[in-house]
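First the structure, in the form of structure tokens, and then the observations on it.
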Amino acid sequence: MCFSRSHAIEALVYRGLAPLLPHCQDPVWKQWENWANQLLAQSIVQLQERDDIIHSLTAAGIHLLPVKGCWLKERYPDLGDRQMSDLDMLIHPEDAASAEQTLQSIGFRKEDVCFHHTTYIKPPYTALELHTSLLPETHEHTLYYQAIWEKATPVAETPGLYRLKPEDEYLFYMVHLSKHMSEGGSGLRSILDNRIYFRCFPDMDESYLEKELEGLGLLEFARQVQVLSRCWFETGLAIPEALEPLAQAICSVGTYGTLQMRTHNRMARLRQKHPNPVMRFFAYCLPRFFRPMSVMKRRYPVLEKAPILLPVFWVVRIASKMLHNEKAFWQHLRLVFQEGGRRG
């Protein structure tokens with residue numbers, strides 16, 4: 001149970017095992033059963049909230065493009081099979097203020113602001129990442145997604161709602177997976193998603209996918225993921241020896257990777273640019289502690305009228321992270337010092 005839970009597939013694994021243990025009364029098994037039922041309830045609420053968000057935002061005249069698990073979840077055999085930590089949706093940057101007002105009117109509160117998305121929370125289960133761009137400005141594939149709306153198709157039944165064709169949904173899945181793998185890692189659920197794409201969309205244009213993946217520099221990575229997904233979730237064959245390091249990396253980190261791996265990988269990249277550990281430390285910390293004005297305004301709207309208060313709200317933001325997530329804050333800082341002092 002613990003392993004499947006770390007990879008966010010515990011409801012799926014439970015459903016597969018349940019017919020084999022119809023009368024099991026073991027406390028761990030009953031705990032697993034209760035958790036699977038709770039996850040099913042969570043899935044139902046998340047999809048209801050998804051539909052409410054779509055209805056409310058499009059009714060407010062906001063163009064909306066849901067991505068990732070928002071649609072992929074429904075492609076799994078059972079409603080509770082594909083767990084989601086949050087909903088991901090894209091809007092035009094100029095609609096951000098109107099979207100915030102609309103979301104607050106239906107019970108969401110703003111939780112956090114990142115460079116390219118804002119997180120909204122509605123208890124008990126729903127988190128929404130509302131993107132103004134699919135990737136941060138510093139990501140290597142940001143330029144590819146600047147014109148993503150040109151690839152989106154309007155949904156006739158819901159004016160204002162857009163979808164990507166399956167090929168482009170799959171490409172973004174692969175870009176997002178490669179991003180996670182290069183940072184903190186990603187777990188088995190991501191590889192299972194790959195198999196679901198190809199089972200549900202067997203007629204995807206392979207030549208288009210190959211051309212675009214090659215242009216993104218992800219063709220070989222995509223082929224490796226496809227082989228893993230077929231071995232693990234279709235054929236049951238042993239994985240090729242060459243893919244064992246990738247398989248081990250996926251199995252060892254869990255769904256969202258680890259803070260240690262993410263810090264290690266980011267520091268490794270900075271080590272190439274900044275051999276001096278002091279410079280490396282500041283290169284890592286400054287953009288994370290001292291967000292630019294454009295980001296801080298979204299988190300603290302008072303800065304629109306009083307930009308001179310920016311340093312004050314930098315301190316407020318840091319203090320808030322220390323108070324509300326003290327253990328994670330100091331753990332992260334300790335890892336930064338450890339990784340920052342490494343050589344080579």
task = Write out all pairs satisfying salt bridge (Lys or Arg N to Asp or Glu O under 4.0 Å) with one or both partners inside residues 239-249, taking only residues at least two apart or from two chains.
result = none
request  = Sequence neighbours left out, what pairs pass salt bridge (Lys or Arg N to Asp or Glu O under 4.0 Å) with at least one residue falling in residues 27-39?
outcome  = Lys30-Glu33
message = Suppose we screen for ring pair (Phe, Tyr, Trp, His ring centres under 6.0 Å). Which residues come up paired with Phe290, at least two apart in sequence or across chains?
response = Trp314
inquiry  = List the residues meeting ring pair (Phe, Tyr, Trp, His ring centres under 6.0 Å) with Phe313, not counting sequence neighbours, and say none if there are none.
reply    = Tyr300
Contacts of [X] that satisfy side-chain contact (heavy atoms from CB on, under 4.5 Å) - sequence neighbours left out:
X      : result
Leu237 : Thr235
His274 : Leu270, Met279, Arg280, Ala283
Asp95  : Ile62, Ile91, His92
Pro292 : Phe115, Ser294, Val295

inquiry  = A side-chain contact here means heavy atoms from C-beta on lying under 4.5 Å apart; do Leu90 and Trp149 qualify?
reply    = yes
message = A side-chain contact here means heavy atoms from C-beta on lying under 4.5 Å apart; do Met204 and Leu209 qualify?
response = yes
ask   = Any donor-acceptor pair under 3.5 Å linking the side chain of Ser56 with the backbone of Asp52?
value = yes
message = My understanding is that a hydrophobic cluster links ILVMFWY residues whose side chain heavy atoms are under 4.5 Å apart, including indirect links. Using that, what else belongs to the cluster containing Leu39?
response = Trp35
query = Is the distance between the ring centroids of Tyr170 and Phe201 less than 6.0 Å?
reply = no
inquiry  = Run the salt bridge (Lys or Arg N to Asp or Glu O under 4.0 Å) test against Arg163 and tell me which residues pass, sequence neighbours left out.
reply    = Glu169
Contacts of Lys110 that satisfy salt bridge (Lys or Arg N to Asp or Glu O under 4.0 Å) - sequence neighbours left out = Glu100
query = Which pairs, with at least one residue in residues 208-239 and sequence neighbours excluded, count as a ring pair (Phe, Tyr, Trp, His ring centres under 6.0 Å)?
reply = none
key: Chi angles and distances behind the salt bridge (charged side-chain N to carboxylate O under 4.0 Å, His left out) call for Asp193, Arg82   = CA-CA 9 Å; Asp193 284 347; Arg82 209 287 185 178; 2.6 Å; yes
query = Can we say Glu206 and Lys211 salt-bridge, meaning some charged N sits less than 4.0 Å from an Asp/Glu carboxylate O?
reply = no
